[in-house]
Amino acid sequence: MMFDKERQATEEKIRSYCSQNDIPTPDEIKWMRIPFSGEWGISTSFFQAAAEEARSGKKVVVPERAQEIAAAIAQQLGTPEGFSRVEAVKGYVNLYFSAGDYSRRVIDDVLTMGADYGRGVDKAEQVMVEYSQPNTHKPIHVGHLRNMILGAAICNILEWAGYDVVRANYPGDSGLHVIKWIWNYQKNHAGEEPPEDKIRWMGDIYVEANRLLEENPDLEAEMREVFAQWEARDPDFMALYEKTHQWSREGFDIAYDALDIPFDIFYWQSELDQTGKDLVADLIAKEIAIDERPEGAVVIHLDEILGLEQEKYRVMVILRSDGTALYSTWDLALAPRKFSDYPDLVRSIYIVDVRQSLHLQQVYKTLEIMGYPWTDKLLHLPYEIVNLPGNVTMASREGTVVLLEDLLREAEQRARELVQEKNPELTEEQKHSVAKAVSLGAIKYPMLARDNTKIATFDWESALDFNGQAAPYIQYAHVRANSILKRMEGALPESQLPQHDLAPSEIELIDMISRMPEEIQHAADEFKTLRITNLAYNLARAFNDFYKQCPVLKAPPEVRAGRLRLVAAARQAIANTLGVLGILAPDVM
RNA sequence: GCACCCGUAGCUCAAUGGAUAGAGCGACUGACUUCGAAUCAGUAGGUUCCGGGUUCAAGUCCUGGCGGGUGCGCCA
């Protein structure tokens, strides 16, 4: 936070006044921003001190006493260096920054740091974030969007906050869904090559496989036999597996490329098959797991091992009765792998659907029982699912999905029509890139602008609605700021103290700009993208208000210079904030 | 049965335990010879699901209900 020095000096004065006057002082003086003012500053309250006095037997009415203390302290503080005035209101002491100094400091800071404004100091700590666990042989659909977009944004936030971030992908390229797909392909589509619309075609084969199995349960045994081909690494099977695997990877690339989602490392589930089985053998040897084969599976009775009376972790199956691996086998193997690849991780974050909470708790607990030293660094960051209207869950098995490419195409087309309508004189090239930036932003923003614990509903109407609290609104503010700077003749004026009384809308805008660094840190601490989407929107709104209220280019020269710098700072802050969210800030639209 | 999540304006959602609970959408009324109207200003809309408790202070924490969702031995 800015004004650290001044704040600390003030804290010292408060402490010494309190101890001299026998007023209880808290361990930590809590500062907040002053609400409801056209000015800005910080405040702290004295309710705790007053309450403590009341508890110790003094006859005081807490709110009144708090105000009394606040008034005395305000009196004592006078007007400290860096502040314009001090007041005591309703138990709070409010310290108002001197507007000129403050605004100059904020604006200079932004313009000096440029594209790095908002970044925290290097924490020299490494964290891994695992996100986007796409399954091969299934289509990527809108239900997967939240995970990808959330994961990428969390990574950005952590990176901006000063962490060294490892972005990990964990694709599911083994398991029953793969077997089902290949079984159906061999049986009903042998030799077929994918058409142009590869993703949809692969999805259809998967849906068909599930339908056939449902219609005729006798086929189950036949399908399971394909599992044996996988277990035996049968050459013909493996060749087909490789080929179809490649088709899926091409689909992933298209999606990641379109959404601009980056990764540092891919942990393929199939590569964990053997280590997973070895680990299971080890668990059996250590008598943590019970081998109930061939009648049953290999299981761990977690509650029993932990001596819990009430059921909590329940029973985890770690190997099927036929000896094949399942998700818990691979997940158990993956966690140690991450720490052997990156021994310095201070945190290993899993961005995974809330419905897998129990499963992940079981995995973490099992690893803890095994005695790994890093299990306290494992963190499941759950998020709620994206449903279709009527609370219908998207399931690729049933084909109740909106394919990602359909959404991207529709959104871009709609954005394209809007650009054409709003700004027909742009070049084709520009229209194309604007439509892309706007449509992607419109898709990403709502995914990040709601709490992870809240279920999202996908419907076409709101997905294609670019009005209101949405990315295009923020992008438009950036365009307006850019437009002013484009018309500015000559270079940006030098830093100066404001030569005029700042208007309320200027103050509000500077305030919003100044919040970016602390919001990044908070967002990183809480893993909340919502903080950044709120900031981005509030920044844009403050800018739009300023834009309306305050002429820049036509303002008198001394005012104009300061406002031009403010516009430049606002443009930078908006662009950086959108950047953290993975949303582009176009210059025109 | 056990566990987790949600409940705030007509709808979708905000609000580090702090001062007056805020936005968007929808509805209604206004503003483009003015730096770009994908904008702005205004009006209407609230027992923060209900009951207890903790606290100087509760939408926020604890507890008991109610309503909705999810998970719970071989899908991932």
Ignoring backbone atoms, test whether A/Lys90 places a side-chain nitrogen or oxygen under 4.0 Å from the OP1 or OP2 oxygen of B/rU20. yes
Is A/Tyr327 side chain donor-acceptor paired with the B/rA76 base, going by distance under 3.5 Å alone? yes
Could a donor-acceptor pair under 3.5 angstrom be found where the side chain of A/Arg314 meets the base of B/rC72? yes
Considering only side-chain heavy atoms of A/Tyr473, which listed nucleotide, B/rC40, B/rC6, B/rU12, is closest? B/rC40
Side chain of A/Lys548 (C-beta onward), nearest among B/rA19, B/rC40, B/rC75: B/rC40
Does A/Thr457 reach a base, just sugar-phosphate, or nothing at all? Heavy atoms under 4.0 Å. nothing
Picking from B/rG71, B/rC35, B/rC75, the nucleotide nearest the side-chain atoms of A/Leu358 would be B/rG71
Would you mind reading off the distance between A/Asn534 atom CG and B/rU16 atom C1', rounded to a whole angstrom? 13 Å
Check whether any side-chain nitrogen or oxygen of A/Lys422 sits under 4.0 Å from OP1 or OP2 of B/rA38, and answer yes or no. yes
Between A/Arg146 and A/Tyr383, is NZ or CZ placed under 6.0 angstrom from the six-membered ring centre and within 45° of the ring axis? no
Rounded to the nearest Å, what distance is computed from the CD1 atom of residue A/Ile484 to the P atom of nucleotide B/rG36? 7 Å
Tell me: CD1 of A/Ile574 to P of B/rU39, nearest whole Å? 14 Å
Is the A/Tyr364 to A/Tyr350 ring centre distance short of 6.0 Å? yes
So, does the side chain of A/Ser43 form a donor-acceptor pair with the base of B/rA19 at under 3.5 Å? yes
Closest listed nucleotide, where the reference is the side chain of A/Glu311 and the choices are B/rC35, B/rG73, B/rC2: B/rC2
Counting only side-chain heavy atoms from C-beta out, which of B/rA23, B/rU70, B/rC35 sits nearest to A/Arg355? B/rU70
Between A/Arg416 and A/Glu412, is there a salt bridge with N-O shorter than 4.0 Å? no
Taking any heavy-atom pair under 4.0 Å as a contact, classify A/Arg487: base, sugar-phosphate, or nothing. sugar-phosphate
As a test of reading the structure: which of B/rA37, B/rG24, B/rG73 is closest to the side chain of A/Val299, going by heavy atoms? B/rG73
Can you tell me how far C1' of B/rC40 sits from CG of A/Asn467, to the nearest Å? 14 Å
Applying a 4.0 Å non-hydrogen cut-off, can you work out what A/Gln521 is touching in the nucleic acid: base, sugar-phosphate, or nothing? nothing
Strictly below 4.0 Å: does A/Lys454 bring a side-chain N or O up to OP1 or OP2 of B/rA14? yes
Any donor-acceptor N/O pair, A/Thr324 side chain to A/Arg320 backbone, under 3.5 Å: no
I'd like to know if A/Ser357 reaches the base of B/rG71 with its side chain such that a donor and an acceptor end up less than 3.5 angstrom apart. no
Ring centroid separation for A/Tyr206 and A/His137, is it under 6.0 angstrom? no
How is A/Lys138 classified with respect to the nucleic acid when contacts are heavy atoms under 4.0 Å: base, sugar-phosphate, or nothing? nothing
A/Ser483 side chain N/O closer than 4.0 Å to the phosphate oxygens (OP1, OP2) of B/rG36? yes
Output the rounded distance in Å from CG (A/Leu530) to C1' (B/rU12). 13 Å
Which nucleotide in B/rG73, B/rC75, B/rG69 has an atom nearest any side-chain atom of A/Asn391: B/rG69
Looking only at side-chain atoms of A/Met589, point me to the closest of B/rA38, B/rA41, B/rC74. B/rA38
Spell out protein contact along nucleotides 54-65 of chain B as letters: B when the base is contacted, S when just the sugar-phosphate is, - when no protein heavy atom is under 4.0 Å; keep the 5' to 3' order. -SB---------
Name the nucleic acid region contacted by A/Val61, choosing base, sugar-phosphate or nothing; use a 4.0 angstrom heavy-atom cut-off, strictly under. nothing
So does A/Arg320 get a side-chain nitrogen or oxygen closer than 4.0 Å to the phosphate oxygens (OP1/OP2) of B/rA76? yes
Among B/rC75, B/rG36, B/rU34, which nucleotide has an atom closest to any side-chain atom of A/Arg224? B/rC75
Would one find a side-chain N or O of A/Asn135 under 4.0 angstrom from OP1 or OP2 of B/rA76? no
Quick one: does A/Glu292 reach the base of B/rG73 with a side-chain donor-acceptor pair under 3.5 Å? yes
Applying a 4.0 Å non-hydrogen cut-off, can you work out what A/Gln475 is touching in the nucleic acid: base, sugar-phosphate, or nothing? nothing
